[in-house]
Amino acid sequence: MDFELSADDLALQSGIVELCRGRFTMDRIRASEETGALDQEMWSELVDAGVFSLRLPEDEGGVGLGCTQAVLVFEQLGRALVPGPLVATHLGADFGLTGIVGMVDRDVSPLLVEHLDSLDRLLILAPDGVWVCDADDVQGGQVDAFLDPLTPLYAAASLPKGQLLASDGAGMKLRGAALTAAYQVGIATAVTERAVAYAKERRQFDRPIGSFQAVKHICADMLVRAEVARAAVYAAGVILDDPSAGDETRAVVAAQLLANEAAVANGKACVQVHGGMGFTWEVDVHLFLKRAALLATHFGSNDERAETMAAFL
Amino acid sequence: MDLRYSESEERFRAELRAWLLNVLPALPPKPSGEEWHARRTYDTTWQRMLFEAGYAGIDWPRAVGGREATPAEQLIFLEETERAGAPYVGVNFVGLLHAGPTLVAEGSDEQKARFLPKILRGEEVWCQCFSEPNAGSDLASLQTKAVRDGDHYVVNGQKIWTSFAHVADYGELLVRTDADAPKHEGITWLILPMDAPGIEVRPMRTIAGSREFSEVFFNDVRVPVANRVGDENDGWRIAMVTFSFERGTAFVSELLSSLRMLERLADLARKIPRADGTAWDDAGIRRDLGHLAADFDALWALTKRNVTQAARGTGVPGLGGSVFKLHYTEARHRMGDLAMRLLDRSSLSLEDQETAEHVRGWLHAMSMTIAAGTSQVQRNIVGERILGLPKER
Ligand SMILES: Cc1cc2nc3c(=O)[nH]c(=O)nc-3n(C[C@H](O)[C@H](O)[C@H](O)COP(=O)(O)OP(=O)(O)OC[C@H]3O[C@@H](n4cnc5c(N)ncnc54)[C@H](O)[C@@H]3O)c2cc1C
């Protein structure tokens, strides 16, 4: 047992941090805010970086890494708030799907498809397995007003049946949930960093607001939530690669439950620390919070996750 | 990152499990709450058994008689002793978990040779005489005074909330040796023999009704200069080392027993009648129980990260302990509140063992966010030392 990043993991992590910092700047990410369309060039940079082929064997053009490493990558994508159906496209690669792949749960209403206009293919999660259809075959009208400015939504009346990819989608859902949780930990971390930076620089009553305990303790709680969730998410990644190290469902569900909470609670706390500026559209904080709220609905709700955990007791 | 136990670690687990299976049935029944001398005997007997089997000081260096187990083996030790229902560290808490480790890190060779083996063998029990009536969170303002007289210090003053003082042989003692220096620079760390003339120990009752801590009064108590750990007036730095062990590792040993307690609470929920079923039929109750399972699982994962980091670093636990303590103690508050909600009026009578365990857990949780640095102080530490936010004032 050695539950710290290995030298290879650290190299991978700093590579992706570098990529995000250099290429996926907030200005560039926010540029698509008006159109809502995915930045195709950014997407091909993600493809080139191996974000989607990370876990594919090398002889299939992949990088041959595991979920342990994939969570590290998705954490950093979340920290940079890289938009798009990242998890779905990554999962689609396991079935040989290429292009931009979205995902929707057939049984969840309202039936809202994220990024439909930008998609090539759509994964459909259903009780009888995982299906796929061409995005063009989905009839959906864009929703005029939607919560996350970087995730346009489309309302679909129904979905085509599609082709069956796998009759048991459980493993895929667990991988997707773990990567989503990793992205949420990235968000929880990014907003903590932003709150702390602002608390050091913003002055009131002739001193930095971060010197006030009322503010400092908000920041401390943000760090605690992020760190606890991070430990759970890393454990989930490792256990998915090596089920002998724990129960996969228990590990992933606990991780996603805590990561969702950390991302949303930290997003809100970050707004509070920023005061009135935090409530402006101009400051980036709301984009993190809104993505966190959106991702918290993926692969079931936190109420369902808490129920799943109770069943282990 | 790797959570798998190696073959040699699994062998360690198998040997430990077999040993526990063999020795635990022979152990006398655990004495009840307030029989302090019997409890001391019980806890030190167990420590002696661990020592003879080679399991004492599991994380201590080999050079001082410890087992120097790998981080994984330390966690296996916690898992297996909890699983087998083995005794908890009990009155050996201070000696094993922070006084001993402080001496390992900062003590002289003579002090190590004199004190460490007796802690390991369960022959001597320690307590911590740090807090004073007017120096709790602001510990550095402590006033208990020590004046040099030849090769002794003469100590006068008072300590308070000293856990296990009434059964301890030695104490970690912080005294003021320079009243004129800035408050952090006039403190010295001494090894206090609890049987020295002039010490009076007056037990106090806790809100749980137990007499586990005391007031300790000092009237011209003579402590040999040879008992000083570190230099005169360098005691604050040594105290920080003590704290890093106390906060970094001491609470971890309870985590698994908290998870077992949660399982028992879930069993209780399945039995408590409500409307036309049981409390378990209430989705709100189930979700709160499930959420706590996620919290404890995540804290166990965090522990694995913290012990790996400590093993890779200097051997002294880092600030991860504050993060752990903040979340763990908050979760214990939630678990206690949930138990009280479930028990409702049954919580009022403490006759039933099972009920009493959960009600005491609810009370005990309140001490956890106070002892070893309150949650507010921990948040200051996280805010200032991890996040780099400026100090107040
Ligand atoms: C069960 C138990 C066992 C203990 N065992 C021992 C022991 O063995 N040895 C020993 O030496 N001590 C022991 N203690 C004492 C413990 O370390 C102190 O109680 C603790 O450090 C708090 O100090 P205090 O009680 O003086 O509270 P205070 O410091 O007076 O705090 C009162 C309140 O004010 C808050 N506060 C204080 N300062 C600040 C600040 N700077 N910022 C924000 N809030 C602040 C606190 O968080 C708390 O809520 C024990 C305590 C308990 C409950």
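Lettering of chains follows the sequences in order, A, B, ..., and the numbering in each one begins at 1.
Interface summary for chain A: among B:Lys391, B:Lys304, B:Arg264, B:Arg305, the most heavy-atom pairs under 4.5 angstrom belong to B:Arg305. Ranked by heavy-atom pairs under 4.5 Å with chain A, the first of B:Val323, B:Leu387, B:Asp295, B:Leu299 is B:Leu387. Between chain A and the residues B:Ile381, B:Val382, B:Thr70, B:Leu326, the largest count of heavy-atom pairs under 4.5 Å involves B:Val382.
More than 12 non-hydrogen atoms from other residues, nucleotides or ligands lie less than 6.0 angstrom from NZ of A:Lys200. Around atom CZ of B:Arg13, more than 12 heavy atoms belonging to other residues, nucleotides or ligands sit under 6.0 Å away. The number of heavy-atom neighbours closer than 6.0 Å to CD of A:Glu18, taken from other residues, nucleotides and ligands shown, is 12 or below. Residue B:Trp60 qualifies as enclosed at atom CH2: its count of foreign heavy atoms under 6.0 Å is above 12. Atom CZ of A:Arg21 has 12 or fewer neighbouring heavy atoms from other residues, nucleotides or ligands inside a 6.0 Å radius.
For B:Ala269, no part lies near chain A; criterion is any non-hydrogen pair under 4.5 Å. Only the side chain of B:Trp280 has a heavy atom closer than 4.5 Å to any heavy atom of chain A. Looking at B:Arg270, only its side chain comes within 4.5 Å of chain A, counting heavy atoms on both sides. Residue B:Asp288: no heavy atom, backbone or side chain, is found under 4.5 Å from chain A. Interface remark: B:Ile285 contributes no atoms to any contact with chain A (heavy atom separation under 4.5 Å). With a 4.5 Å cut-off on non-hydrogen atoms, B:Ala266 touches chain A through its side chain but not through its backbone. When heavy atoms are compared at a cutoff of 4.5 Å, B:Gln376 approaches chain A by way of both its backbone and its side chain. Interface remark: A:Gln69 contributes no atoms to any contact with chain B (heavy atom separation under 4.5 Å). For B:Glu392, the parts lying under 4.5 angstrom from a heavy atom of chain A are both the backbone and the side chain. No part of A:Arg305 comes within reach of chain B, as not one of its non-hydrogen atoms sits under 4.5 angstrom from that chain. A:Asp2 touches chain B through backbone and side chain together, each having a heavy atom under 4.5 Å away. There is no contact between B:Leu265 and chain A, counting heavy-atom distances below 4.5 Å. Contacts between A:Asp242 and chain B at a heavy-atom distance below 4.5 Å involve the side chain alone, from C-beta outward. In this structure, the portion of B:Asp297 lying under 4.5 Å from any heavy atom of chain A is its side chain and not its backbone. At a 4.5 Å heavy-atom cutoff, the contact between A:Thr68 and chain B is made by backbone and side-chain atoms alike. Using a 4.5 Å cut-off between heavy atoms, B:Ile386 contacts chain A through its side chain alone, with no backbone atom that close.
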As a quick check of understanding, evaluate side chain to side chain donor-acceptor pair (under 3.5 Å) for B:His291 and A:Glu261, giving each step before the final call. CA-CA 11 Å; B:His291 197 296; A:Glu261 283 183 352; 2.7 Å; yes
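Residues A:Glu227 and B:His327 have side chains not in contact (no heavy-atom distance under 4.5 Å, counting atoms from C-beta outward). Between B:Arg286 and A:Asp303, every side-chain heavy-atom pair lies at or beyond the 4.5 Å cut-off. Two residues are said to be in side-chain contact when any heavy atoms from C-beta on lie closer than 4.5 Å; A:Glu4 and B:Met1 fail this criterion.
Of all the heavy atoms in B:Leu289 and A:Leu313, the pair that sits closest is O-CD1, 3.6 Å.
Distance check, rounded to the nearest 0.5 Å: CG of B:Leu302 to CZ of A:Phe3 gives 9.0 Å. Atoms CE and CD1, from A:Met1 and B:Ile76 in turn, are 8.5 Å apart once rounded to the nearest 0.5 Å. The distance from the CZ atom of B:Arg287 to the CG atom of A:Leu257 is 11.5 Å, given to the nearest 0.5 Å.
Scanning residues 208-225 of chain A against chain B with a 4.5 Å non-hydrogen threshold yields A:Pro208, A:Gly210, A:Ser211, A:Phe212, A:Gln213, A:Lys216, A:His217, A:Cys219, A:Ala220, A:Asp221, A:Leu223, A:Val224, sorted by number.
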